[in-house]
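Below is one structure, written out as structure tokens; the observations come after it.
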Amino acid sequence: MNSMQCYSPNTLDEYQKIYSGIAEKNILVFSGGTDLMIGRHELSQDAIIIDISGIAELKGVEKKENKIFIGSCTTLNELLYSHKIQNDIPILIKAIKTMASEQIRNRATIGGNIGNASPAGDTITPLVVLEASIQIYSPESNEVKTIPLEALFSGPCASTLQNGEIITKIIIPLFEDKDIFCYFRKIGQRNAMTITKASLSAIAKYSDSKIEWIKLAPGSVSPVVKRMSKTEEFLQGKKLTPAVINESKEIIGKEISPITDIRSTKAFRVLITKNLLADCLSELINRH
Ligand SMILES: Cc1cc2nc3c(=O)[nH]c(=O)nc-3n(C[C@H](O)[C@H](O)[C@H](O)COP(=O)(O)OP(=O)(O)OC[C@H]3O[C@@H](n4cnc5c(N)ncnc54)[C@H](O)[C@@H]3O)c2cc1C
């Protein structure tokens, strides 16, 4: 009978060597383990676990050339308490504050939240409106490529990562303009320790009582997280009258494609998403 093997490399170089030495390539990348441990009974006994959380190159937050670089194994609490993230990416702070518990956030990583590829992953919608990209390391080619985050997701909890490929960094471009509105809200079963039934991330520029531009990404209402381009286009350049807000709610309601599952019904998810958009737009008006 096969038994599970585990490795804990300290560098990407070590990761590459371990990968090259494994013939079967039935590798499971493990970071904080907070998603993987829930499904541990489904782990195949001959899976080879590589715990990447000790790889120093994958940790920390750096600011360079008007971009923030986040190492994929940075924990959610490290991000929550990072001054760079607090100052430059407040929407991510809003999202992380709603996630799990102090104990889980001490282990859970941003790379794991993205790698899990759930449409309910709470760091994903803020990163999508921020037009983040990710660096992916391939141990096969020993090369790093950069792709838009949105291109990673191929279905609910499915990604385009090939066996052994790992996300190394998340890259977030910063705005020169500091007067950018940001919004994150999620609706779950309760206020704390709750998985999203539906959520909304938005960033916008508002001036002269009009929306100059807005970027919207709802969570848990489509197979993969994506931008609401029709709703965004409709709102661009508009004054936020009650009629405009109502019409935008109808457009977003048609743009999403939620399903009924154990957490919520399709109809309720449509209703929440419309109401989250109205809440976001009224917050936008009240802030200005
Ligand atoms: C009680 C509880 C509450 C939770 N609450 C929330 C919540 O409110 N919101 C939310 O979004 N999630 C929540 N989660 C889910 C989970 O904590 C997060 O998704 C977390 O960020 C996963 O990170 P991790 O490091 O633990 O991932 P892991 O479990 O280590 O890995 C998750 C997946 O990502 C892959 N992976 C990990 N790192 C990488 C990498 N660098 N590159 C490529 N693939 C990688 C793994 O192979 C695996 O498929 C909760 C979990 C629990 C147990």
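Each residue takes its place number in the sequence, starting with 1. Being a predicted model, the structure only gives us computed values, none of them experimental. Both counts, for ligands and for their atoms, begin at 1 and track the order of listing.
- Neither the backbone nor the side chain of Gln103 comes within 4.0 Å of ligand 1, counting heavy atoms alone.
- Ranking protein heavy atoms by distance to atom 28 (P) of ligand 1, first place goes to Gly33 N, 3.4 Å.
- Shortest contact from atom 1 (C) of ligand 1 to any protein heavy atom: Met193 CE, 3.5 Å.
- Heavy-atom proximity to Gly121, at under 4.0 Å, picks out these atoms of ligand 1: 11 (O).
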Self-check item: Derivation and outcome, salt bridge (charged side-chain N to carboxylate O under 4.0 Å, His left out), residues Glu283 and Arg185
Solution: CA-CA 12 Å; Glu283 206 177 282; Arg185 191 161 171 203; over 6 Å; no
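- Under 4.0 Å from ligand 1, the heavy atoms of Leu161 that appear belong solely to its side chain.
- Ligand 1 has an N or O atom lying under 3.5 Å from an N or O atom of Gly32, backbone or side chain.
- Protein heavy atom in closest approach to atom 19 (O) of ligand 1: Asp35 OD2, 2.6 Å.
- Under the side-chain contact (heavy atoms from CB on, under 4.5 Å) criterion, Asn286 pairs with no residue at all, not counting sequence neighbours.
- Atom 51 (C) of ligand 1 has as its closest protein heavy atom Thr34 O, 4.2 Å.
- Distances shorter than 4.0 angstrom do not occur between any heavy atom of Arg105 and any atom of ligand 1.
- Counting protein heavy atoms only, atom 42 (N) of ligand 1 is closest to Ile167 N, 2.8 Å.
- With a heavy-atom cut-off of 4.0 Å, Ile104 touches ligand 1 through its side chain alone.
- Considering backbone and side-chain atoms together, Ala100 places an N or O closer than 3.5 Å to an N or O of ligand 1.
- The salt bridge (charged side-chain N to carboxylate O under 4.0 Å, His left out) test with Arg227 singles out one residue from Glu255, Glu233, Glu232, and that residue is Glu232.
- Annotation: atom 38 (N) of ligand 1 to nearest protein heavy atom, Ser31 CB, 3.5 Å.
- Other cluster members for Ile171: Phe69, joined by side-chain heavy-atom distances under 4.5 Å among Ile, Leu, Val, Met, Phe, Trp and Tyr.
- Considering only non-hydrogen protein atoms, atom 14 (N) of ligand 1 sits nearest to Ile195 CD1, 4.3 Å.
- Side chain to side chain, Ser118 and Asn116 fail the donor-acceptor criterion of an N or O pair below 3.5 Å.
- With hydrogens and angles left out, the side-chain atoms of Asn10 and Tyr15 include no donor and acceptor closer than 3.5 Å.
- Annotation for ligand 1: atoms under 4.0 Å from non-hydrogen atoms of Ile52 are 40 (C), 41 (N).
- Contacts between Ile38 and ligand 1, counted as non-hydrogen atom pairs separated by less than 4.0 Å, involve the side chain only.
- Between Leu76 and ligand 1, no pair of N/O atoms sits closer than 3.5 Å.
- Of the heavy atoms in Thr168, none comes closer than 4.0 Å to ligand 1.
- Between Ser282 atom OG and Ile245 atom CD1 the span is 7.0 Å, to the nearest 0.5 Å.
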Quiz item: Please walk me through it: do Lys169 and Glu62 pass salt bridge (charged side-chain N to carboxylate O under 4.0 Å, His left out)?
Solution: CA-CA 10 Å; Lys169 282 195 173 22; Glu62 229 190 324; 5.4 Å; no
Exercise. Under the side-chain contact (heavy atoms from CB on, under 4.5 Å) rule, what do Lys266 and Ile259 come out as? Steps first, then yes or no, please.
Key: CA-CA 5 Å; Lys266 176 179 172 160; Ile259 53 161; 5.9 Å; no
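- The shortest N or O to N or O distance between Val29 and ligand 1 is under 3.5 Å.
- Note on ligand 1: Ala120 sits in its first shell, one or more heavy atoms being nearer than 4.0 Å.
- The shortest distance between side-chain heavy atoms of Leu161 and Val29 does not fall below 4.5 Å.
- Under 4.0 angstrom from ligand 1, the non-hydrogen atoms of Ser72 all belong to its side chain.
- Looking at ligand 1, you won't find any N or O of Arg107 less than 3.5 Å from one of its N or O atoms.
- Looking at Thr109 next to ligand 1, an N or O pair under 3.5 Å apart turns up.
- The protein non-hydrogen atom at the shortest distance from atom 27 (O) of ligand 1 is Gly112 CA, 3.4 Å.
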